[in-house]
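Chain identifiers are assigned alphabetically (A, B, ...) following the order of the sequence lines, protein sequences preceding nucleic acid strands; residue numbering begins at 1 within each chain.
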Protein chains: 2
Amino acid sequence: MTDKKENILAAALDLFANEGYHAVSTSKIAKHAKVSEGLIFRHFNNKKGLLEAIMKDAEQKVAQMLAPILFEDDPKEVIRKVIQTPFNLLPKNYGFWKLQYKLKWETEYNHPHKMKPLIDKMQWAFAKLGAEEPEQEAILLHNILDMVGIRLMRREWDKDSSFQAFLMRKYKV
Amino acid sequence: MTDKKENILAAALDLFANEGYHAVSTSKIAKHAKVSEGLIFRHFNNKKGLLEAIMKDAEQKVAQMLAPILFEDDPKEVIRKVIQTPFNLLPKNYGFWKLQYKLKWETEYNHPHKMKPLIDKMQWAFAKLGAEEPEQEAILLHNILDMVGIRLMRREWDKDSSFQAFLMRKYKV
DNA sequence: AAATAAGAAGTAAGTACTCACTCATTATAT
DNA sequence: ATATAATGAGTGAGTACTTACTTCTTATTT
């Protein structure tokens with residue numbers, strides 16, 4: 001991966017996340033990356049190919065985020081880690097996550113089933129902790145944390161929000 | 001409001017919601033509305049003016065949705081009505097609400113403070129019901145229902161989801 | 001007849017993408 | 001070791017086409 005190719009990816013990620021895929025032209029990306037416009041097409045074939053190159057990283061980043069939860073076998077610790085997840089996202093990666101959230105509005109990039117393993121693990125944890133409706137509890141907490149992620153990415157909250165501590169108290173973990 | 005003007009608004013709403021503002025051209029809107037392209041500019045000046053005409057309805061629709069909650073003075077009934085709100089959105093209006101949700105990713109159209117009266121009312125209700133941290137409880141429930149709305153608009157759930165009943169049990173209302 | 005609504009045919013700027021080319025590095029042949 | 005050939009990153013002007021928007025003309029209403 002050459003320097004200029006990485007510049008293109010970084011510029012595109014930033015612009016797509018903040019202005020939207022369709023709102024950003026390839027010429028604008030080229031200017032931001034300080035690169036000729038043609039180079040974008042040499043490396044990525046077309047504009048969509050550029051988006052897909054960015055999205056290819058997504059799956060492994062998600063997997064890497066979920067691994068410590070899926071391998072945890074103390075149910076309380078599962079809930080703890082799940083709650084921490086959105087608050088632990090690094091601000092330098094906010095652009096990346098923001099793009100993920102935004103693209104979920106395009107059918108093509110919305111894959112709710114990919115969260116199934118996480119929800120199953122949460123369901124297991126809630127069952128172990130004696131919840132009456134572990135499946136619904138898992139869906140509920142998943143919803144809460146999805147929305148927390150959205151608020152953080154939209155900069156409505158900061159990562160030191162007192163809401164994290166509140167959730168910890170609420171779930172007694 | 002002439003027929004054709006309404007056609008334009010309906011077509012634009014549908015296309016903006018499902019494909020995105022920047023992804024839709026004025027000529028496409030004209031074709032869908034079965035109208036000449038020039039007519040769009042006669043009625044709305046420019047493309048953005050068309051979007052703003054759609055968004056102008058939003059505030060009153062939101063106000064109208066919140067009124068029965070803000071005027072309710074039984075705290076239990078406040079929580080009940082709040083929980084019902086997203087599930088009661090009419091499928092024929094899904095396009096409209098979907099557009100509202102999507103546009104929140106554009107700074108220009110994200111006004112979190114507009115939900116303040118609702119959150120204050122919820123906080124009041126939770127306090128009356130003896131919650132230990134009514135403010136956080138209000139933020140929590142607001143998050144849950146925002147995410148429920150998103151799931152419904154993205155068609156990940158349908159409005160008969162068992163989740164509504166679960167929330168009613170959970171909040172004992 | 002006057003005013004308004006609608007349509008058709010433009011325009012200039014912008015779009016994604018291509019093409020012929022340069023330049024530097026690396027592999028191969030002598 | 002040195003000349004030669006091949007490769008691939010990088011450029012920027014140019015392509016056909018689309019865009020938002022305008023202007024002029026024609027229906028329709030009052």
Side-chain angles (χ1 to χ4, degrees), chain A residues 1-58 95-96 98-100 102-103 105-109, chain B residues 1-58 95-96 98-100 102-103 105-109:
Chain A
M1 175 87 74
T2 144
D3 273 9
K4 302 218 171 188
K5 194 175 174 185
E6 287 195 81
N7 285 353
I8 294 170
L9 281 169
L13 173 57
D14 182 53
L15 291 168
F16 287 165
N18 291 306
E19 304 181 18
Y21 175 76
H22 290 288
V24 173
S25 68
T26 49
S27 89
K28 187 169 187 176
I29 295 168
K31 275 170 200 151
H32 271 246
K34 280 166 188 162
V35 138
S36 73
E37 195 176 353
L39 192 59
I40 292 175
F41 297 92
R42 174 166 296 278
H43 282 308
F44 304 100
N45 283 323
N46 51 41
K47 192 184 173 185
K48 200 170 182 200
L50 175 51
L51 177 61
E52 273 158 13
I54 292 170
M55 297 302 287
K56 227 188 55 179
D57 297 349
F96 177 83
K98 189 173 176 180
L99 184 57
Q100 301 302 313
K102 281 180 86 162
L103 285 173
W105 286 103
E106 328 264 313
T107 321
E108 192 178 347
Y109 295 102
Chain B
M1 176 88 75
T2 145
D3 272 9
K4 301 218 173 189
K5 194 174 174 186
E6 287 195 82
N7 285 352
I8 294 170
L9 279 170
L13 173 57
D14 182 54
L15 291 168
F16 287 166
N18 291 306
E19 304 180 19
Y21 175 76
H22 289 288
V24 173
S25 68
T26 49
S27 89
K28 188 169 186 176
I29 295 168
K31 274 171 202 151
H32 272 245
K34 281 166 187 160
V35 139
S36 74
E37 193 178 353
L39 194 58
I40 292 175
F41 296 92
R42 174 162 300 277
H43 283 307
F44 304 100
N45 282 325
N46 51 42
K47 192 184 174 186
K48 201 170 182 199
L50 176 52
L51 177 61
E52 274 157 14
I54 293 169
M55 296 303 286
K56 226 189 55 179
D57 297 348
F96 177 83
K98 188 173 176 180
L99 185 57
Q100 300 302 314
K102 281 181 84 161
L103 285 173
W105 286 103
E106 327 265 312
T107 321
E108 192 178 347
Y109 295 103

Subject >> Worked check of side chain to side chain donor-acceptor pair (under 3.5 Å) between A:Thr26 and A:Glu37 >> reply: CA-CA 7 Å; A:Thr26 49; A:Glu37 195 176 353; 2.7 Å; yes
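For the pair A:Lys31 NZ and D:dT11 P, the computed distance is 14 Å after rounding to whole Å. In this structure, NE2 of B:His43 is placed 16 Å from P of D:dT22, rounded to the nearest angstrom. What separates CE of A:Met1 from P of D:dG10 is a distance of 12 Å, to the nearest Å. In this structure, the CG atom of B:Leu39 is 18 Å from the P atom of D:dT26, given to the nearest Å. In this structure, A:Lys5 places its NZ atom 13 Å from P of D:dG8, rounding to the nearest Å. Taking atom CG of B:Asn7 as the reference point, atom P of C:dA5 lies 15 Å away to the nearest angstrom. A:Asp3 has its CG atom 8 Å from the P atom of D:dG10, to the nearest Å. Rounded to an integer number of Å, the gap from A:Ile40 CD1 to D:dG10 P is 12 Å.
Qualifying side chain to side chain contact (heavy atoms under 4.5 Å, CB included) partners for B:Ile54, counting only residues two or more places apart in sequence or in other chains: B:Leu9, B:Ala12, B:Leu13, B:Phe16, B:Leu99. Qualifying side chain to side chain contact (heavy atoms under 4.5 Å, CB included) partners for A:Leu15, counting only residues two or more places apart in sequence or in other chains: A:Glu19, A:Val24, A:Lys28, A:Ile29, A:His32. For B:Lys48, the salt bridge (charged side-chain N to carboxylate O under 4.0 Å, His left out) criterion is met by B:Glu108, not counting sequence neighbours. Looking at residues two or more places apart in sequence or on another chain, you find a side-chain hydrogen bond (donor to acceptor under 3.5 Å, both in side chains) between B:Asp14 and B:Asn18.
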**OP:** Mark up nucleotides 13-22 of chain C, 5' to 3', with B wherever a protein heavy atom is under 4.0 angstrom from a base atom, S wherever such an atom reaches only the sugar-phosphate, and - elsewhere.
**Re:** --SBBB----
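Applying the ring-ring contact (aromatic ring centres under 6.0 Å, His included) test to residues at least two apart or on different chains, none of the pairs has a partner in residues 38-58 of chain A.
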